[in-house]
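These notes concern the structure reproduced below.
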Protein chains: 2
Amino acid sequence: MVLKKESGLKIDEKELSRILRERNCKVTVPRIKILKYLLMNRVHPTAELIYREVKKELPKVSYATIYNNLNYFIENNLLKRIRLHKDYDIFDVGTHMHSHFICKKCNKVYDIPYEIHQPKKIKGHLITDMSVNFSGICKTCLKGKIKF
Amino acid sequence: MVLKKESGLKIDEKELSRILRERNCKVTVPRIKILKYLLMNRVHPTAELIYREVKKELPKVSYATIYNNLNYFIENNLLKRIRLHKDYDIFDVGTHMHSHFICKKCNKVYDIPYEIHQPKKIKGHLITDMSVNFSGICKTCLKGKIKF
DNA sequence: CTCCTTTTTTAGAACCATTCTAAATTGAGA
DNA sequence: TCTCAATTTAGAATGGTTCTAAAAAAGGAG
Ligand SMILES: [Mn+2]
Ligand SMILES: [Mn+2]
Ligand SMILES: [Zn+2]
Ligand SMILES: [Zn+2]
């Protein structure tokens with residue numbers, strides 16, 4: 001089962017259970033709500049945003065559960081941690097390969113189509129992952145339409 | 001003045017002062033000691049290692065001074081912050097373009113010669129920096145000579 | 001050199017993202 | 001339904017980094 005790429009789609013909780021079971025992941029209510037939020041809102045969220053949003057549906061959810069599940073999703077290759085900002089991490093769900101651009105002015109992160117071939121080995125090291133990150137000034141900031 | 005690439009070279013403190021003055025950086029004793037450590041020990045150190053090592057020469061140095069100067073060097077393009085580990089950052093001095101490989105087993109970071117062309121613009125965003133990061137299992141861990 | 005102003009340093013407190021603790025709950029299989 | 005391991009929870013703790021406020025140092029002017 002391939003994870004949907006688009007944001008804002010309705011995703012049935014039954015379908016989410018199936019995605020988890022396919023990967024031998026135990027299905028729990030908080031786990032489903034967190035994954036649902038990630039899949040339906042592809043905004044490179046912080047843990048804090050995920051916490052706030054999931055709490056709307058699940059008022060008793062704790063930060064420990066959010067972090068436990070984010071780490072759990074990462075171990076199970078459903079999620080990637082992105083460390084582009086100085087002070088916090090953001091998360092990116094889904095399997096499609098792409099790279100990121102971070103704007104030094106507004107700090108927004110943009111997806112960039114990924115085009116570079118990943119080598120199998122370099123200097124004797126086995127390569128299993130590769131990421132390409134760009135930074136600079138984003139289109140919007142270049143236009144000068146946003147003041148800082 | 002191009003920063004020396006090799007590790008372990010003796011670097012005169014007079015030369016360090018000159019490097020700083022060339023970039024209009026105020027010259028101070030802790031600043032020189034920190035830069036000296038970075039230039040003579042190219043091991044992708046943590047802030048904590050830098051603190052411990054500089055403290056040997058400058059017993060009264062504080063963490064605030066270490067962090068202030070690391071951030072100062074980054075602003076002045078003498079240093080890069082590398083965010084590959086989950087729990088801490090490491091630092092990399094010098095201007096030579098290269099990428100990094102991090103081993104998922106032993107967490108060691110290796111320099112990789114950098115080969116990819118950096119585009120000037122992508123999708124309307126102005127690109128000023130690019131980084132390529134690889135991860136996987138390093139040569140040493142593959143040989144199985146180190147136990148975990 | 002001395003004087004003056006600004007920047008830097010220092011010790012320690014504070015901050016804050018993330019993890020840990022220990023008890024309660026839940027899920028999935030028997 | 002029973003059982004047990006996995007998960008969740010509230011709140012405390014951790015640890016890397018930054019902040020605070022006072023002292024020291026750098027560097028320019030005279
Ligand atoms: Mn992305
Ligand atoms: Mn390096
Ligand atoms: Zn921007
Ligand atoms: Zn290794």
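Sequence lines set the chain letters: A, B, ... in the order given, protein chains first and strands last, and positions in each chain run from 1.
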| task | Using atom CZ of B:R21 as one end and atom C1' of D:dA26 as the other, report the distance to the nearest whole Å. | result | 11 Å

| request: Figure out the CD/C1' separation between A:E13 and C:dG27, and round it to whole Å. | output: 16 Å

| Transitive ILVMFWY side-chain link A:I112 to A:L84, under 4.5 Å | no

| query | At under 4.0 Å between heavy atoms, what does B:Y72 touch on the DNA or RNA strands: base, sugar-phosphate, or nothing? | reply | sugar-phosphate

| message | I need the CG-P distance between A:L49 and C:dA17, as an integer number of Å. | response | 13 Å

| message | Under 4.0 Å between a side-chain nitrogen and a carboxylate oxygen: does that hold for B:D111 and B:R42? | response | no

| note | When rounded to whole Å, the NZ to P distance for the pair B:K26 and D:dA24 reads 16 Å

| request: Flag the pair A:K123 / B:Y110 as yes when at least one side-chain heavy-atom distance between them is below 4.5 Å, and no otherwise. | output: no

| Spacing between B:F91 atom CZ and D:dG16 atom P, to the nearest angstrom | 12 Å

| Joint hydrophobic cluster, A:L49 plus A:F73, side-chain heavy atoms closer than 4.5 Å | yes

| said: Whole angstroms only, please: what is the CG-P distance between A:N24 and C:dA28? | reply: 12 Å

| remark: Note: for B:D87 and B:N69 on DNA chain C, the residue whose nearest nucleotide lies more 5' is B:N69

| task | Would you please confirm or rule out a distance under 4.0 Å between OP1 or OP2 of D:dT8 and any side-chain N or O of A:T28? | result | yes

| query | DNA chain D: B:D89 or B:V29, which has the more 5' nearest nucleotide? | reply | B:D89

| task | From the options A:I74, A:N68, A:N76, select the one residue that forms a side-chain contact (heavy atoms from CB on, under 4.5 Å) with A:Y72. | result | A:N76

| task | Following the transitive rule for hydrophobic clusters with a side-chain heavy-atom cut-off under 4.5 Å over Ile, Leu, Val, Met, Phe, Trp and Tyr, establish whether A:I90 and B:I82 coincide in one cluster. | result | no

| Nearest-Å distance for atom pair NZ/P, residues B:K55 and C:dT10 | 9 Å

| Close approaches to DNA chain D from residues 57-68 of chain A, in residue order (heavy atom, under 4.0 Å) | A:K60, A:V61, A:S62, A:A64, A:T65, A:N68

| field | Donor-acceptor side-chain pairing of A:Y37 and A:K33 below 3.5 angstrom | value | no

| query | Between atom NE2 in B:H85 and atom P in D:dG15, what is the gap in whole Å? | reply | 17 Å

